[in-house]
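In what follows, a structure is listed as structure tokens, so that the remarks can point back to it.
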Amino acid sequence: MTATAKRSRIERYEPTEVEPRWQAKWDELRLHETDLHDRSRPKSYILTMYPYPSGDLHIGHWYIVTPTDAIARFHRMHGENVFFPIGFDAFGLPAENAAIRGGFLPREWTMQNIANMRRQFRTMGATFDWRAEVVTCEPEYYRWNQWFFLKFLEAGLAYRAMAPVDWCPKDQVVLAREQVEGPNRVCWRCGTPVVKRDLEQWFFRITKYADELLSYDAIHWPEPVRLMQTNWIGRSEGAEITFETAQSEHHAGGEPIRVFTTRPDTLFGATFMVLAPEHPLVERLTAPTVKPAVDAYVYQSRRQTEIERLSTEREKTGVPIGADAINPVNGERIPIWIADYVLAGYGTGAIMAVPAHDERDFVFARKFGLPVRRVVAAPGTEADDPMDDAYVAHTVDERLVNSDRFSDLPAEDGGHRIVEWLAKDGRAQATVGYRIRDWLISRQRPWGTPIPVVYCDRDGIVPVREDQLPVVLPDDFEYQRNGDNPLLHHPGFLDTTCPKCDGPARRETDTMDTFVDSSWYWYRYLSPHKDDGPVDRPLVDTWCPVDQYTGGAEHAVLHLLYARFFTKAMRDCGLVAEDEPFKRLFNQGQILGADGERMSKSRGNVQDPDELVQRFGADTVRLFLMFMGPWDQGGPWSPSGIGGVHRFLTRVWTIALDPHGSEPGDPESGHLPAGEDEQAARTAIRRAAHKTLMVVTAEYESFKFNTMVAHLIELANTLMRYRGTSVAGLAEWDEAVRLLLLMLAPSAPHIAEELWSRRLVVAGSAWSSIHTERWPEPDEAVATDETREVPVQVNGKLRDRVVVPAGISEIELEQVVLARDKVRAALGGKAPERIIHAGGGRLVNIVVR
RNA sequence: GCCGAAGUGGCGGAACCGGCAGACGCGGCGGACUUAAAAUCCGCUGCCCGCAAGGGCGUCAGGGUUCGAACCCCUGCUUCGGCACCA
């Protein structure tokens, strides 16, 4: 028989035949349905961020989901009851944009995409429990958004307010503070520069939880995400200090103006005061003589969109309002200015300007010729040394100067004393400032959760009664040429009756930010169709918090912050018991297009996974994505290398089905490696398998999938070397193949199942799925080498390597090493000064002078 | 500007806690099998000198600590991510 004839005995590996067959079988067996009430095993809630139904799954979805699926499967093989659901984040602008382009209503477009994506998801072979699916644009989901809104309203966590808000002129929508990006302040979605508008809007009071959100004690999250959230919340300790206006010709004086500062120690250096142009006192304090200039400035800064603000290095502007304030520490009159570098929304909208110790104030003072007075001096600096820059450093040794009786005190201490002193008669108070603002949830778009309130001429703003929920979104709205929210022109939706007086009323047409949907969806997975409440409390208590959450880092201060807020708010409304939603978080990197840019249809750099699955199979695609590099890194997409992973699976196929075959292209094929007898070969195989099991187990646990795959490839290569030899097919070989398949099962579930099944047939055993097997235990004794190779350095340079018994003593090792020719040559006759045995015998370094 | 992450062969990347730099894969070169090609398999593959044995150099650049540095420290450069006058 020729070698080719031998090879042809086994079928080729055909993933397109294998994979759908097993997917159907798993479905039939309901292998992936979780019994949420099974308490006999430890629970494990594995969650991956649900996708927006944009139309097609792209390679980025696979990159997020398939390793997460491997994690879920790995846990299941450890005997845990794993819940791994998926759903769709179905409200949002892309559906509207598609509808405006024509041909579809947002609902139709969305539902078609969902149907398509469900089909695509199945080709992954992921273990989703589809019974848990949530689709957020369904009334059975979004009615609970409305219900939460009413609860939050009751609890004072939702409110309506007039506020200057960021408006995207292209999307015709108000944006949350978190959705405005970059120095040019552009819309996160379309990149259009936003403009300010004054509008009555609905807010969620996330600021109430600012301090609690700063604590990460209960969660294990990546440091970068925690830092980003911490910076976003932006807590700074300081004091509010009350100045009073001075009496002048046009003004009686005595009007309090509160300022916020983090540097009360510099109070004696305040040489002027600046109000935000929007500050309510501006109108009242402005002197008649400068009123035209002040009005012009206020008008201009109000009108100014952020477009004009091309750079933060922009020239500072401002005008004096012709009034003075009195510095409470020294009674000095200081001029009041308005300038747009003071923000109305932070602190009190007013600052005391200390040009000597604040860069911005310094620049402003220089530009307008305002006095600069040093009040903090570093060691070696005199109180009246001239200043070329603001001195802002904070060191332990600096002391106060020019500060009356506080002079010579250390700066920090002096600051405290100044506040204490002023606090006695209520002119100061220690406070905390935050950068974070309340979450603006109103959107002027029709494709979202209707906010459940009505406007009644008699009763004003009236919440919809709980028993009247859901406020159902009509499907048949029409887009308006003028860009108005279509709901404003939909009488069937708009006209209603007042829940209080039954008189005619108008519905709120604003809908909720879609981030409301994603702020609690993982709770709903546990009871997606429950119709008497948003969450099933006993199930939530059993299953939450989520044990492992995976998703992109782009949500660090959007979704992930809102989700934490929602959990805390739900807790305070008595709905859940926990403080945090996600115990552990892993941010995988992003797959970019081949051009290094974000994948998008418009750039034409989207990689279609279906095509790769057709060619190589889902298992190869899954494994390749895991092998590419560290999971948290991502990177530009390149398919080169996928062939290597596919070859690996083909080798696994060959090893498992044809251990006795040989390679005609290799003259050594069928012979044991030189110098190895059968016994040594059997030991080598066992050792390789158990060593691999040890490292692969650790790599699954720490999500180091790239090296995990590398180690599986290595094991397969080792087995390949023994194929066709006298040890192929023996017990050790068989065990190694068995371990290889089990280790492969979480990552390449189809081929593992197929080969496992065929082994069972050969063994005459009844069929059972590899995915219900327990993860194997390594035999550490077997995995330990009897000898080891020790690198030998002389003065830190590698000169030789010696193979010694594993248990050799340091003294014996030194004798062996010093007798080596290469070592003696390198020593050049000199006596060793010192011999270093590094890290448990990993290396020997001989030091000579 | 501030905060954070990172810089290793032609490429993706590996290297536990300061201890053999380049695992594994791609690509490349050579070979086997084949009438031939594909597929598959085997060998080599950081750079330089050398027929070879061997030697020298090498982890962004420059300095430092150490018996020993890709890893720690200092200075600088580059790339990526976040923030955007937050008093």
Side-chain angles (χ1 to χ4, degrees), chain A residues 2-4 7 12 180-185 223-225 227-228 230-232 234 236 238 259-263 266 274 309 311-314 316 339-343 345-348 350-354 357-361 363-364 433-437 553-554 556-557 589-590 596 624 627-630 632-633 635-636 638-645 647-648 650-651 654 662-669 695 698 704 706-707 709-714 717 720-721 789-798 800-801 822 833-840 842-848:
Chain A
T2 65
T4 357
R7 276 177 57 78
R12 277 170 51 116
V180 180
E181 295 180 337
N184 300 338
R185 313 213 0 104
E223 181 68 20
V225 176
L227 251 166
M228 276 160 74
T230 299
N231 292 340
W232 188 262
S236 47
V259 303
F260 176 72
T261 179
T262 54
R263 294 291 305 277
T266 64
V274 187
R309 240 169 120 157
S311 160
T312 32
E313 297 303 310
R314 189 176 66 120
K316 287 208 167 18
D340 62 6
Y341 82 91
V342 173
L343 307 176
Y346 183 78
T348 60
I351 62 159
M352 61 178 210
V354 185
H357 305 292
D358 181 280
E359 279 163 20
R360 297 151 300 184
D361 297 345
V363 170
F364 194 84
Y434 297 91
R435 217 185 73 103
I436 192 173
R437 308 294 150 79
E554 66 272 20
V557 286
Q590 207 172 29
F624 176 59
F627 182 56
M628 272 174 42
D632 56 4
Q633 201 174 287
S638 161
S640 73
I642 193 166
V645 171
R647 269 193 287 281
F648 158 61
T650 308
R651 279 200 296 279
T654 305
S662 63
E663 275 313 322
D666 176 12
E668 294 300 308
S669 180
V695 304
K704 288 181 180 164
N706 56 330
T707 53
V709 176
H711 286 117
L712 293 183
I713 293 174
E714 243 174 336
N717 291 348
M720 201 67 183
R721 213 163 295 140
E789 194 185 63
V790 181
V792 184
Q793 295 181 339
V794 175
N795 283 344
K797 268 192 184 295
L798 182 71
D800 199 7
R801 293 185 173 92
K822 285 185 186 174
E833 185 183 293
R834 233 173 115 191
I835 298 179
I836 289 154
H837 294 264
R842 261 207 301 277
L843 170 144
V844 171
N845 187 17
I846 305 167
V847 184
V848 287

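Labels below follow one simple rule: chain letters A, B, ... track the order of the sequence lines, proteins then strands, and each chain is numbered from 1.
Distances from the side chain of A/Arg435 to the nucleotides B/rA87, B/rC85, B/rA84 place B/rA84 closest. Here B/rC3 is the nucleotide among B/rA84, B/rA87, B/rC3 with the atom lying nearest to any side-chain atom of A/Asn231. With distances taken from any side-chain atom of A/Pro630 to the nucleotides B/rG19, B/rA84, B/rG13, the minimum falls on B/rG13.
By the side chain to side chain contact (heavy atoms under 4.5 Å, CB included) test, A/Ala556 is found to be paired with A/Val225, A/Met228, residues two or more places apart in sequence or in another chain being considered. When the side chain to side chain contact (heavy atoms under 4.5 Å, CB included) test is applied to A/Arg647, the partners found at least two apart in sequence or on another chain are A/Arg651. Under the side chain to side chain donor-acceptor pair (under 3.5 Å) criterion, A/Glu223 pairs with A/Arg226, sequence neighbours left out. In terms of the ring-ring contact (aromatic ring centres under 6.0 Å, His included) criterion, residue partners of A/Phe364 (sequence neighbours excluded) are, by chain and number, A/Phe272, A/Trp337, A/Tyr341, A/Phe368. Applying the salt bridge (charged side-chain N to carboxylate O under 4.0 Å, His left out) test to A/Asp358 and every residue at least two apart in sequence or in another chain returns A/Arg360. For A/Asp800, the side chain to side chain donor-acceptor pair (under 3.5 Å) partners two or more places apart in sequence, or in a different chain, are A/Arg820. With sequence neighbours excluded, the residues that form a side chain to side chain contact (heavy atoms under 4.5 Å, CB included) with A/Val695 are A/Glu699, A/His711. Legend: residues meeting side chain to side chain contact (heavy atoms under 4.5 Å, CB included) with A/Ser236, ordered by chain and number and at least two apart, are A/Phe260, A/Thr262, A/Tyr346.
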### Summary
Nucleotide by nucleotide, nucleotides 20-27 of chain B touches protein heavy atoms under 4.0 Å in the pattern (B base, S sugar-phosphate only, - none) B--BBSSS
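Look at B/rU40: its Watson-Crick or wobble partner, with both distances under 3.5 angstrom, is B/rA32.
We find that CZ of A/Arg834 is positioned 9 Å from P of B/rG68, with the value rounded to whole Å. Following rounding to the nearest Å, A/Gln633 (CD) and B/rG7 (C1') show an atom-to-atom distance of 11 Å.
In this entry the base of B/rC17 is syn relative to its sugar, with a glycosidic angle within 90° of 0. Taking the syn range as angles within 90° of 0, the glycosidic angle of B/rG9 is syn.
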N/O contacts under 3.5 Å, protein versus nucleotides 29-31 of chain B?
none

Any N/O pairs under 3.5 Å between the protein and nucleotides 54-57 of chain B? List them or say none.
| from | atom 1 | to | atom 2 | distance (Å) |
| --- | --- | --- | --- | --- |
| B/rC57 | OP2 | A/Lys797 | NZ | 3.4 |

All N/O contacts under 3.5 Å from nucleotides 44-48 of chain B to the protein, with atom names and distances to one decimal?
none

